[in-house]
Amino acid sequence: MSAFTTAARYTRLTWYLSAVSLHRLTEYRMDFALGAGGLLLRVGGQLAVVGMVFRQVPVIAGWNFHQVLFLLGFSLLPRGLDRLFTDQLWILARRLVQSGEFYRYLIRPVHPLYALLSERFLYPDGFGELVTGVAITWYAADQLDLGPSAGRLLLVPLLVLCGALILASIKTAFAALSFWTTNSFPALYAANQLGDFAGYPLDLYHPSLRWLLTWLLPYAFTAYAPASYLLFGATDLLRWLPVVTAALAALALLVWHRGVDRYEMTGS
Amino acid sequence: MTAAATWHRRTPLAVTWRRYTPFAAASLQGLLQYRSTFVINAVTATTAVGLQVFLWRAVYAGRTGGLPGGYDLPELTTYVLLAQMLALLQASRVDEEVAGEVQRGDIAVSLLRPVSYPLARFAAGLPVSLVNAGTVAVPVVLLYALLLPLSAPSWAGGLLFALSAGLSLVIGFGVNLLVGLAGFVTTNIWGVRIVKDSVVAFFAGQVVPLALMPGPLAAVAHLLPFQALVDGPLRLLLGHYRGPAEAAGILAGQAGWAVGLTALAALAWRGAVRRVEVLGG
């Protein structure tokens, strides 16, 4: 019962704070324009790469143009969802420990991780990513004549949610490294960059790289595994999705708590 | 008399040198404090290169006829590998640091120093590039040279590449400084940087060699300064030009962009300083 009330309380808070963030969006239109424009350029660049690859060859590593497009579009969905709620972690990695400002989150009556994240919800880039992701996935699925069964269609939100949790966990773990190193921005940036490759079929890569992206930094589970299932019905990777998600979330929380325990206030 | 004349002529350069070495030294010291960064850079670079290389190798393997963009497999691999390395050398974080100073207001202190701010920034950025070259670029290239067939450059190619890569550092610096100075205009420098990163990488030829782009897109890329960052140096290295005239043209274009961007950055800096004075007055 108490777990339920806690969950209800956090849901209510999230709802309320999201409304606050949404209000802030309308205040800072320039931020919104830059965020949305930057996102379109980035996605446009990725689409152009895919287009230029398929100008040269009809099929790459067993995937055709529209299948790769589907994968790319799907990879934007968990990314957008994650970005809507957790981009505050970048600021932790870059600044909050170094400047000593982190103590603010320890004295609030919510979990410190939630206190940090809730400072700003609903980054505009996240909306853009979700909308473009849905559009690309939809278009590709239509071109592929993908008539998904109701069961698979119902599974999609769950797959996206798990993917977003994986991304958020990787981000949390790398951002929390700043409790030890004071600035973990380079590490987080590096980890995040590798995530861009979740949008390409992993069959392309050398087995060692595939292994890295599947088990070490499991970006494969955010797009490749779900897309292979939805496109080809492949379940060998997908079976591990719940295990990987749960294990990674647990690991991220462990790193986070160890880090917070280690945090000392600057005294200034 | 001749000695005095030589001395007189040489003084400004010597003074300049002495004036800017502390910036380079301080930047180098700062770098050495975060040694883990090199390890992170090396791991990321190795992986990112691997992902790019395998994508284009798959394209090469799957083609039905002809060489993609006129590149054979070792050349394409060399291009993709060195494109990432050039991008690493050009990423001196000048944009981030300038924008940070503007946002924190520290820029006021820099204005008090009797040095040219852009030159001081360049002096501070150079060690980052050199250290990255030594600790990341060379080892990664050697590693991939062991793993995959690369295209060995001719002596002329190597020489032209060295010259061209030097110019690309100046161009990269100019672009980064301009992005950093955008911090005077917009508070969301983060957004500007993300836009810059993707646009520059794309039009430089870092993700797709310019020769593989469709005509109109390649034409746009050739009009922008960014192709001088990656595509220019690599075409010179791999000998992908028709005759010495075209090679000279690539270098001249680079020199032009280096001068033009430096002038633009100097202008932007002057404008920015005026803005600061207005705000402070």
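Just so it is clear: chains get the letters A, B, ... in the order the sequence lines come, proteins before strands, and each one is counted from 1.
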### Query
Distance from A:Gln46 atom CD to B:Phe202 atom CZ, nearest 0.5 Å?
11.5 Å

#### Entry: Separation between OH of A:Tyr205 and CD of B:Gln52, rounded to the nearest 0.5 Å
8.0 Å

#### Entry: Interchain contact, A:Ala187 with chain B, by part (heavy-atom threshold 4.5 Å)
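Looking at A:Ala187, backbone and side chain both touch chain B.
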
Closest approach of [X] to [Y] (non-hydrogen atoms, all atoms of both residues):
| X | Y | answer |
| --- | --- | --- |
| A:Leu204 | B:Phe54 | O-CB, 3.9 Å |
| A:Leu209 | B:Gly50 | CD1-C, 3.9 Å |
| A:Gln56 | B:Leu212 | NE2-CD2, 3.3 Å |

### salt bridge (Lys or Arg N to Asp or Glu O under 4.0 Å) contacts touching residues 167-188 of chain A (sequence neighbours left out)
A:Asp82-A:Lys171, A:Asp87-A:Lys171

### Task
Determine the option with the most heavy-atom pairs under 4.5 angstrom with chain A, choosing from B:Asp197, B:Leu55, B:Val207.
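Maximum pair count with chain A is reached by B:Leu55.
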
### Task
Just do the side-chain contact (heavy atoms from CB on, under 4.5 Å) check on B:Leu217 and A:Met52 with the steps written out, would you?
CA-CA 11 Å; B:Leu217 205 58; A:Met52 279 179 256; 3.8 Å; yes

### Task
For A:Arg258, look at atom CZ and say whether over 12 heavy atoms of other residues, nucleotides or ligands are found less than 6.0 Å away.
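Result for CZ/A:Arg258: open.
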
### Query
Got B:Trp56 and A:Val53 here, is their nearest side-chain heavy-atom distance under 4.5 Å?
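Yes, at least one pair of side-chain atoms sits under 4.5 Å.
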
